[in-house]
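Worksheet: the structure to be examined is printed underneath.
Note that the structure is predicted; figures quoted are calculated from it, not measured.
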Amino acid sequence: MRILPVAADRPGAYQTVGAALLEAPDGATVAIAAGTYAETLELTGRSVTLQAEDGADVVLDGSGADWPTIRAVDGTLTLRGLEIRATDGIAVSVDRTALTIENCTISGRTRPAVSVHASTSFTVERCTVSGAETGIVVEGAGGQILDTTVREISGDGIVVALGADPLIRGCTITGCGRRGVYIYQYSRPELVDVEIGHTGTEGIGVAHGSTPTVRRPTVHDTRGSAITFAPGCGGAVEGLRATNTADPALSIAAGSTVEVIEQSTASAENGPVDDLLGDLDTMVGLPGVKAEVRAVVDEIQVNEWRSSAGLSIGAVSHHLIFAGAPGTGKTTVARLYGKLLKALGVLPDGGFIEVSRRDLVGQYIGHTAEKTAQVFEKALGGVLFIDEAYTLSRAAGNGDFGQEAIDALVKLMEDHRDEIAIIVAGYTAEMNDFLAANPGLASRFSKTIEFENYSAEELLLITDRMVAGGDYLLDPAAGVPLTSYFDRIADGPNFGNAREARRLVEGMRKAQSQRLRALGRRPSMDELRSLLADDVITAAG
């Protein structure tokens with residue numbers, strides 16, 4: 001795979017992203033150095049990856065243009081670790097393109113932030129989408145939106161239209177002028193464990209013959225009903241948890257056929273907690289992590305019982321340290337932890353905000369404390385997850401204000417001990433340096449939870465789940481080259497755990513596409529779904 005570096009002030013590198021794309025072959029990765037790049041990019045029939053260099057804050061700024069900041073047609077596009085901005089145009093727009101967006105911050109103003117149209121597959125994962133007229137629009141496409149936050153949207157948070165059937169799982173949608181999710185035009189998405197709050201109308205609106213499946217949604221603080229179904233719609237709603245919404249919380253118009261599955265009364269007291277612990281148990285591997293989280297839950301529950309009985313309890317901190325390599329599930333577990341704290345009555349909303357150094361550190365004296373306080377206030381009542389927190393204690397030269405962010409956090413954590421849970425994450429050794437940056441920092445955290453690397457067998461199971469989630473079938477013969485590949489890379493210095501599995505699955509799909517195109521005929525249904533051992537070997541190089 002060819003890697004093309006972009007850095008405005010580095011000799012030998014491309015000065016702009018556009019210049020690199022002009023010379024990038026299909027399958028290339030454009031690695032972008034820190035900085036703000038005032039560019040708009042249009043890609044037709046291309047297969048490329050745009051990603052930030054490790055630890056770099058990269059902004060692709062299309063502000064002022066009335067066309068998309070990034071537009072792709074008839075290709076494959078992967079975006080990683082970028083901040084993408086737009087004002088009068090769409091931030092990311094794709095047609096008939098296999099799209100992957102990971103760990104990106106995407107913002108707009110007068111148009112949708114992300115628009116996916118007629119794409120056979122797409123993934124938006126661990127992203128933050130904000131400030132646009134519409135957060136994410138999916139039209140006539142199948143894919144998934146996972147563990148993503150959509151907030152501060154003037155219209156609808158997520159729109160699903162034209163028969164689209166994406167999976168929307170583990171997402172938080174809040175602060176929308178209209179609906180949190182609007183499903184129409186015969187769409188049939190699956191929504192699982194979504195949280196929707198503070199909307200101008202209903203939390204979820206279903207219209208025009210659509211048939212969604214909605215499992216375990218949490219909807220709160222909406223001016224309209226939690227969920228509304230217009231005439232002629234169908235689908236299923238299971239385990240709705242609605243608070244402070246208009247009546248009725250679930251509004252089903254005459255002429256709609258919706259299956260409503262209520263939560264069992266017998267399990268009402270511990271049901272949400274048990275459900276969430278069940279979700280934790282379904283994660284691959286992580287036996288030590290699961291045991292530690294259960295120990296925290298047990299302690300909180302017993303303290304509640306002691307308090308109810310009039311017995312004394314000690315001061316309890318809900319702040320945690322997640323130590324380990326990337327791709328070991330730290331963000332997923334952090335989201336579950338916030339939901340567990342809400343279900344246990346410890347935090348009021350269990351929301352989740354993920355930030356990194358660039359969200360906390362300013363550019364001049366006093367700016368950092370202000371930015372940190374703003375982020376902290378937004379996260380009150382839920383979880384503030386600081387990924388790669390150790391970068392705050394690494395001085396980036398004169399004028400670095402990372403230490404100022406740490407000092408501000410220490411004070412805020414003490415002042416609001418019972419109103420928020422702070423989780424800091426990063427490599428084990430680097431996190432030790434981070435804790436030494438302020439004398440009072442380590443004492444603010446109740447526990448360090450170690451996330452071990454996945455074994456080859458566990459990565460094989462993760463790969464199986466990813467393949468099945470994309471509606472593919474993995475040839476049993478592929479198990480040998482898969483295990484061999486994971487054994488080979490497991491000891492590498494940049495081993496990415498589950499991220500490696502995700503990258504490999506993307507490569508397998510690309511290899512399958514090339515193989516099927518070479519047939520000279522339209523493939524059968526079985527051929528379209530099958531990933532073979534040769535696809536694994538091609539993807540693994």
Test: side chain to side chain donor-acceptor pair (under 3.5 Å). Region: residues 63-73. Which pairs qualify, not counting sequence neighbours?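 Matches after skipping sequence neighbours: Thr40-Trp67, Asp61-Ser63, Arg71-Ser93, Arg71-Asp95.
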Give me each pair satisfying side chain to side chain donor-acceptor pair (under 3.5 Å) with a member in residues 5-31, each pair once, sequence neighbours excluded.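 Checked against side chain to side chain donor-acceptor pair (under 3.5 Å) - neighbours excluded - the pairs reaching residues 5-31 are Arg10-Glu53, Tyr14-Glu23.
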Are any of the side-chain nitrogens in [X] or [Y] under 4.0 Å away from the carboxylate oxygens of its partner?
X: Glu102; Y: Arg502; answer: yes
X: Arg126; Y: Asp147; answer: no
X: Arg503; Y: Glu506; answer: no

I need the full list of salt bridge (charged side-chain N to carboxylate O under 4.0 Å, His left out) pairs touching residues 438-451, with sequence neighbours left out, sorted by first then second residue.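 Every salt bridge (charged side-chain N to carboxylate O under 4.0 Å, His left out) pair that includes a residue of residues 438-451, provided the two are not neighbours, is Glu292-Lys447, Glu414-Arg444.
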Who passes ring pair (Phe, Tyr, Trp, His ring centres under 6.0 Å) against Tyr454, sequence neighbours left out?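 Not a single residue meets the ring pair (Phe, Tyr, Trp, His ring centres under 6.0 Å) criterion with Tyr454.
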As an exercise, state the distance from CD1 of Ile462 to CE of Met283, rounded to the nearest 0.5 Å.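 Between atom CD1 of Ile462 and atom CE of Met283 there are 8.0 Å.
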Can you tell me how far the CD1 atom of Ile422 sits from the CG atom of Leu384, to the nearest 0.5 Å?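 The distance works out to 4.0 Å.
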Could you walk me through whether Thr123 and Gln144 pass the side chain to side chain donor-acceptor pair (under 3.5 Å) test, one step at a time? CA-CA 5 Å; Thr123 296; Gln144 51 191 3; 3.2 Å; yes
N/O donor to acceptor pairs below 3.5 angstrom from side-chain atoms of residues 171-180, sequence neighbours left out:
from   : atom 1 : to     : atom 2 : distance (Å)
Thr174 : OG1    : Gly197 : O      : 3.4
Arg179 : NE     : Asp156 : OD1    : 3.1
Arg179 : NH2    : Asp156 : OD2    : 3.1

Side chain of Ser119, backbone of Thr97: donor and acceptor closer than 3.5 Å?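 Between the backbone of Thr97 and the side chain of Ser119 there is a qualifying donor-acceptor contact (under 3.5 Å).
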Which residues pass the salt bridge (Lys or Arg N to Asp or Glu O under 4.0 Å) test with Asp387, not counting sequence neighbours?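 In terms of salt bridge (Lys or Arg N to Asp or Glu O under 4.0 Å), with neighbours along the sequence ignored, Asp387 is linked to no residue.
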